[in-house]
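Please read the structure below before turning to the comments.
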Amino acid sequence: MFDTLDRRLFLSGAAASAAAVALPRFVAARDVEAAKKELRYHQRSPDNAEPALPDLVQSWITPREHFYVRSHAPNPEIDEKTFAVSVEGMVRKPRKFSLGELREGLPQATATATMTCAGNRRSEHSETKPVSGVPWGPGAIGNAVWGGVPLAEILKRVELQDGAKHVWFESVDHVEGHGPFGGSIPLEKAMAVHSKTPGCLVAWRMNEAPLSPDHGFPVRTVVPGYIGARSVKWLGKIVVSDRPSPNHYVADAYKIVTEATPEQFAAAQPIYQYPINGALCIPPADAKVEPGRLTVRGYALPSGNPGCTIERVEISTDGGRTWRDANLGDKSSPFCWRLWSAEATLKPGETTLVVRATDTRGRTQPQQTPWNAKGYLYNAWHKRQVQVGNG
Ligand SMILES: Nc1nc2c(c(=O)[nH]1)N[C@H]1C(S)=C(S)[C@@H](COP(=O)(O)O)O[C@H]1N2
Ligand SMILES: [Mo]
């Protein structure tokens, strides 16, 4: 059933090209829900899951079944008939946008952008000193074609008041002890429309299909270049303000602190952009590697600066003493990862493979990432120890 649905949407999308493609009326939430996932679950309901690393680098666009899920609360119940996104705060014309309006009544755009969790690779922080939180490997990342209404178009329609500086997003979910999940971004980012790089979206499509419940059905924000936490799923409310949101996930989480104390959280700035990153995905940790030639594969993510792309990826087969260039995949654009591969000749025994990426801003993955109490933004050289042959 789902295959048919997907193909139909894909065909209609291709035929209609850039024009807005209306979601067929007969698509029910439960059909979308049937989308299968091939992920390793750290936790269920709320679902927190990442793909096996070899699956992650099979294609530049990550199919939904291999796209990580990071949720703080179980998926909320949605009534499509009454669902609307309200826009309020420092605007002259506060109002609601119905789902029908978001899908068919407003300008549509697509943005190809990589989503990555600030906690991606957290388990490597824990090797220095344990940190709590979902123990992510390097799989909390994925690249998708998002479709929906440019956030700037929505904000234009409600007319911003002078002094507006930040845009808050609030979900309709409920996180135990914290209420709804929320995000916040500077107004400048919310309004940014670059000629070559995608702006922010109030998205209802992912890879030519309606968003699935896991990924925020019916609508979510997509903030290219920023940590995933700013791309709020199950979006119910947008608030324009002169300050960042007081929501827990802006004020007291997603900040770099050495101790998780109220004082440190109050003093630190929210994380917005993600830094350069990269990881080795093939061979995976548990692979049996034979002596001889091996194709090593992985991904590299440029820092979330507008216009920035991956310029170079280097690999080492001796733990980082000597390096050579990897082959870069053809597909590369701002706010998107780049896949890479390299041929390595491995001798029997223990070998440490290492990767580091550099972007067009000259930023390179560091040899070490300073430890922080919440385990965010781990982006050091990625190392993989492999036993070649019987050793
Ligand atoms: N409502 C809501 N939105 C959310 C979250 C959440 O828990 N609830 N998690 C955020 C985080 S931390 C990330 S990394 C991304 C993950 O998006 P995905 O599950 O579609 O991959 O969603 C963000 N949006
Ligand atoms: Mo995240």
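Heavy-atom basis, side chains included; hydrogens, waters and symmetry copies ignored. Just so you know, residue 1 is the first one in the sequence shown, and it goes up from there. Just follow the structure's listing: the first ligand is 1, and inside any ligand the first atom is 1. Keep in mind the model is a prediction, meaning the values are calculated, not measured.
With a heavy-atom cut-off of 4.0 Å, Tyr68 touches ligand 1 through backbone and side chain alike. The proximity of Phe169 to ligand 1, defined as any non-hydrogen pair under 4.0 Å, does not occur for either the backbone or the side chain. Contacts between Ala118 and ligand 1, counted as non-hydrogen atom pairs separated by less than 4.0 Å, are absent for every part of the residue. Proximity of Cys117 to ligand 1, defined as any heavy-atom pair under 4.0 Å, is shared by backbone and side chain alike.
Annotation: side chain of Pro138 is not in contact with side chain of Asn277 (no heavy-atom distance under 4.5 Å).
For the pair Lys189 and Tyr226, the distance from NZ or CZ to the six-membered ring centre is under 6.0 Å and the angle to the ring normal is within 45 degrees. Annotation: cation-pi pair Arg70/Tyr68 absent, no NZ/CZ under 6.0 Å from the ring centroid and within 45° of its normal. Seen from the ring of Trp323, Arg356 counts as a face-on cation partner, given the 6.0 Å and 45° thresholds.
No heavy atom of Tyr249 sits closer than 4.0 Å to any atom of ligand 1. In this structure, Arg220 has a heavy atom closer than 4.0 Å to ligand 1.
The atoms of ligand 1 that sit less than 4.0 Å from any heavy atom of Tyr254 are 12 (S). Residue Phe67 has at least one heavy-atom neighbour below 4.0 Å for each of these atoms of ligand 1: 21 (O). For ligand 1 and Ser231, the ligand atoms under 4.0 Å from any heavy atom of the residue are 22 (O), 23 (C), 24 (N). Heavy-atom proximity to Ser171, at under 4.0 Å, picks out these atoms of ligand 1: 1 (N). When each atom of ligand 1 is checked for a heavy atom of Ser71 under 4.0 Å away, the hits are 7 (O). Close approach to Trp234 involves these atoms of ligand 1, each under 4.0 Å from a residue heavy atom: 1 (N), 2 (C), 8 (N).
In this structure, the protein non-hydrogen atom closest to atom 3 (N) of ligand 1 is Lys233 N, 2.9 Å. Nearest protein heavy-atom contact of atom 15 (C) of ligand 1 is Gly228 O, 3.5 Å. For atom 18 (P) of ligand 1, the closest non-hydrogen atom on the protein side is His215 ND1, 3.5 Å. Protein heavy atom in closest approach to atom 2 (C) of ligand 1: Phe181 CD2, 3.4 Å. Remark: minimum distance from atom 8 (N) of ligand 1 to any protein heavy atom is reached at Asp173 OD2, 3.2 Å.
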**OP:** List the steps and the verdict of side chain to side chain donor-acceptor pair (under 3.5 Å) for Gln58 and His66.
**Re:** CA-CA 10 Å; Gln58 296 306 314; His66 292 145; over 6 Å; no

Subject >> Step-by-step side chain to side chain contact (heavy atoms under 4.5 Å, CB included) determination, Val69 to Lys37 >> reply: CA-CA 10 Å; Val69 176; Lys37 280 289 190 187; 3.7 Å; yes

Original post:
Passes side chain to side chain contact (heavy atoms under 4.5 Å, CB included), Thr114 versus Ile141? Steps please.
Top reply: CA-CA 7 Å; Thr114 295; Ile141 186 168; 3.5 Å; yes

**OP:** Applying side chain to side chain contact (heavy atoms under 4.5 Å, CB included), run through Val167 and Leu155 and close with a yes or a no.
**Re:** CA-CA 9 Å; Val167 181; Leu155 295 177; 4.0 Å; yes

**OP:** Would you sort out whether His72 and Tyr249 count as a ring-ring contact (aromatic ring centres under 6.0 Å, His included), showing the intermediate values?
**Re:** CA-CA 10 Å; His72 292 74; Tyr249 296 96; 4.7 Å; yes

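By the 6.0 Å contact criterion, CG on Asp330 is open, its count of non-hydrogen atoms from other residues, nucleotides or ligands being 12 or less. When the shell of 6.0 Å around CZ of Arg321 is examined, it contains 12 or fewer heavy atoms from other residues, nucleotides or ligands.
Considering only non-hydrogen atoms, atom 9 (N) of ligand 1 lies nearest to Arg70 out of Arg64, Met206, Met115, Arg70.
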